[in-house]
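What you see below is based on every heavy atom in this structure, not just the backbone, and it leaves out hydrogens, waters and symmetry mates. Order of the sequence lines sets the chain letters (A, B, ...), proteins ahead of strands, with each chain counted from 1.
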Protein chains: 2
Amino acid sequence: MASIRDVARLAQVSTATVVRVLNGGATVSPARTERVMKAVAELDYVTNGVAASLSRGSTRLLGLLVSDIANPFTAQVARGLEDEAVRHGYQVLIASSDFDREREAAMLASFARRTVDAVALLSADGATESVSRLVRSGMPTVFVDRRPPNTPAIPLVRTDSLSAAREAVRYLIGLGHTDLGMICGPVSMPTAAQRAAGFREACAEAGLVVRPECLREGFLGTEGGYAAMCEVLDLPRRPTAVFSFNNMLAIGALRAVRERGVRIPADLSLVTFDDMELFPFVDPPLTAIAQPAYEIGAEAGRVLFDLLENGADAERPDVVLSTELRIRESCAPVGGV
Amino acid sequence: MASIRDVARLAQVSTATVVRVLNGGATVSPARTERVMKAVAELDYVTNGVAASLSRGSTRLLGLLVSDIANPFTAQVARGLEDEAVRHGYQVLIASSDFDREREAAMLASFARRTVDAVALLSADGATESVSRLVRSGMPTVFVDRRPPNTPAIPLVRTDSLSAAREAVRYLIGLGHTDLGMICGPVSMPTAAQRAAGFREACAEAGLVVRPECLREGFLGTEGGYAAMCEVLDLPRRPTAVFSFNNMLAIGALRAVRERGVRIPADLSLVTFDDMELFPFVDPPLTAIAQPAYEIGAEAGRVLFDLLENGADAERPDVVLSTELRIRESCAPVGGV
DNA sequence: AGACAGAATGTCACCGGTTACATAATTAGC
DNA sequence: GCTAATTATGTAACCGGTGACATTCTGTCT
């Protein structure tokens with residue numbers, strides 16, 4: 001593997017000149033420029049980015065910690081972040097924590113060791129020591145979707161979970177439902193807590209009582225959604241409408257519904273957070289709260305580069321992107337069709 | 001940021017001893033070990049992975065080039081690769097080419113500059129110069145899903161597109177269909193060519209003629225699927241069954257079908273390559289060829305580590321993982337229900 | 001006590017760009 | 001034609017771990 005010194009030797013110039021030709025900025029005489037280019041071509045020379053990173057003190061790498069890159073929402077966010085990164089000559093190092101505290105800590109430690117220039121976090125499920133260590137280390141950081149407790153000064157890109165949830169539940173109530181259920185993630189996740197709060201608020205303002213057994217918390221993934229929905233459906237008295245915390249839960253819930261022969265929306269109305277490309281084609285088309293996942297990722301990237309360019313001193317208000325309730329056919333008036 | 005020399009100084013040992021304590025392997029007296037650990041804790045020392053990479057000559061990084069990480073199939077592959085990487089103390093650098101030749105080349109160049117230890121390619125749509133340069137450079141490489149032309153000695157992890165496609169089309173023919181259509185990707189993609197070949201073979205062996213206008217090639221993404229299906233549906237004489245090249249195309253096709261009020265399977269039978277979690281819940285549940293995406297990624301990782309550990313000299317036959325035709329309700333006998 | 005294997009520890013060149021600084025070559029100004 | 005101001009170019013220290021090699025210390029055996 002040819003090094004810059006080989007190029008310099010062959011072109012009969014100094015390494016500094018090679019750098020000047022390759023990285024631009026400084027002026028080099030046409031004659032030397034050409035000699036350098038020829039030597040580069042001849043030797044198939046490629047800058048060693050590791051050496052450059054070490055000496056420059058920047059890796060041009062963004063770390064993205066997610067719970068699972070295979071989750072479509074997550075993957076969209078990743079894509080948005082990647083595109084923004086590429087625009088700045090950066091790349092994204094993605095790590096999945098798999099909802100595992102230890103793996104999350106290990107991945108963050110790995111980001112630190114690799115000295116990524118900045119980190120986007122879409123994973124932290126709570127006040128993990130590893131996250132606060134990262135923050136304390138001064139690493140430029142942005143939270144995506146949710147902010148772990150006790151991390152005040154770190155910017156956040158999110159949607160308004162609470163009011164979006166409230167809006168969706170109001171819609172259900174407007175349809176005449178008075179006995180509502182929700183299948184929810186672990187309340188240690190801020191978004192889960194917020195969506196549950198939105199659910200409760202909408203019920204409260206309509207004077208409805210939420211039966212505790214109708215709000216099932218602590219579920220994640222399609223398996224969790226399945227389990228949660230089974231519990232709801234097996235209740236002696238079933239709610240007439242269910243609000244799902246996210247897309248994964250909804251998919252699992254669908255399985256439970258199908259398995260028990262429950263008809264949507266005749267027997268049960270269903271709304272979920274997170275839209276998916278296939279929801280319009282599901283039987284019945286699913287009403288959902290759409291989040292601009294790609295845009296969230298891109299926005300997170302913008303915040304990170306802002307942090308990188310302008311420092312973390314300035315206050316940065318949360319970036320709140322808007323959601324859209326996409327009404328399709330999975331909800332019906334109570335009793336009617 | 002504390003360096004290893006700071007640690008060595010504080011612990012009153014040499015840098016070599018610090019390395020020995022931190023990286024294990026060699027024996028260090030308990031007294032010194034403890035002094036080093038204390039100094040590390042005191043200084044919040046974290047090994048600088050960039051420096052380590054430079055000196056060691058290995059970044060413990062795998063590059064994964066995909067067309068779009070937001071594609072669910074791709075994301076699953078990525079996850080499989082990541083898990084395998086993590087098991088080996090590696091991480092994955094993901095880049096999306098977005099079906100753009102230039103961006104693909106730029107991303108591969110970036111992998112080379114960053115000196116990733118190995119690369120998995122799930123993107124190359126043809127004989128791009130950038131891919132052959134990568135191969136020539138001696139970079140340990142594995143192709144995933146498809147092998148670009150003229151890259152013989154590089155291992156490949158795939159499923160058997162041709163026979164899976166043939167099986168699916170045979171199933172359609174077995175249902176009595178004699179006028180079949182296919183919406184397909186660009187034939188420059190080996191998988192597209194293979195699936196189209198499988199389609200043709202199944203038709204040929206049943207003595208069916210494939211009308212050229214029924215085999216629409218060159219489409220990608222949901223938009224492409226929509227366009228392709230529109231073309232098929234607008235044909236003066238519609239085929240009674242359509243085979244879709246992949247999941248994205250199928251989603252777009254679904255939109256076209258819905259828009260034109262075509263009923264599946266009554267008016268049209270549909271089978272697609274690639275299964276999705278929601279396909280069982282689509283109206284009607286979609287019959288699909290499932291590929292073990294996660295496993296494909298994991299297997300690609302295994303090949304890469306094999307390459308890294310044992311060199312690229314040995315011949316490596318393609319790793320062929322099996323597919324499964326999941327028959328649901330999107331296909332019906334011709335004329336009947 | 002002397003010799004010696006083996007364990008423990010230290011020294012330092014090296015990986016390959018980058019960049020501050022020094023020096024050399026031009027050009028401009030009068 | 002000579003000095004000052006630019007512009008072009010080279011030198012070498014530096015980024016921070018790593019590992020080959022050298023050295024020093026133990027403890028064992030004669």
Given C:dG17, D:dG19, D:dT9, the nucleotide with the shortest approach to the side chain of A:T17:
D:dT9

Contact list for DNA chain C against residues 51-61 of chain B - heavy-atom distance below 4.0 Å:
B:L54, B:S55

Does a salt bridge link B:R136 with B:E129, judged by any charged N lying under 4.0 Å from a carboxylate O?
yes

Using atom types as modelled and distance alone, determine if a side-chain donor or acceptor of A:R158 lies under 3.5 Å from a backbone N or O of A:V319.
no

Distance check needed: D:dG17 P versus B:N23 CG, whole Å only.
11 Å

Counting only N and O atoms by type, is there a donor-acceptor contact under 3.5 Å from the side chain of B:D98 to the main-chain atoms of B:D100?
no

Please give, in whole Å, the distance from C:dC14 P to A:N48 CG?
17 Å

Can you run down the salt bridge (charged side-chain N to carboxylate O under 4.0 Å, His left out) pairs that involve residues 64-76 of chain B, sequence neighbours left out, and say none if there aren't any?
A:R79-B:D68

Report which part of the nucleic acid B:V28 touches: base, sugar-phosphate, or nothing (heavy-atom distance under 4.0 Å, all strands).
sugar-phosphate

What residues in residues 1-13 of chain B put a non-hydrogen atom under 4.0 Å from any atom of DNA chain D?
B:S3, B:I4, B:R5

Should the ring pair A:Y90 and A:F305 be called parallel, tilted or perpendicular, given that the plane angle runs from 0 to 90° and is split at 30 and 60?
perpendicular

Ionic contact status for B:D306 with B:R316, cut-off 4.0 Å:
yes

Quick check on D:dT9: is either OP1 or OP2 less than 4.0 Å from any side-chain nitrogen or oxygen of A:S29?
yes

Which pair of non-hydrogen atoms, one from A:S96 and one from A:S67, has the smallest distance, and what is that distance?
CB-O, 3.8 Å

Rounded interatomic separation in angstrom, taking CZ from B:R113 and C1' from C:dG17
13 Å

Given 3.5 Å as the limit, does a donor-acceptor pair link the side chain of B:D117 with the main chain of B:T59, or not?
yes

Any carboxylate oxygen within less than 4.0 angstrom of a Lys/Arg side-chain nitrogen, looking at A:R101 and A:E104?
no

Ignoring the backbone of A:R32, work out which of C:dT19, C:dT11, D:dT9 is nearest its side chain.
D:dT9

Would you indicate, yes or no, if D:dG10 has its OP1 or OP2 atom less than 4.0 angstrom from a side-chain nitrogen or oxygen of A:R20?
no

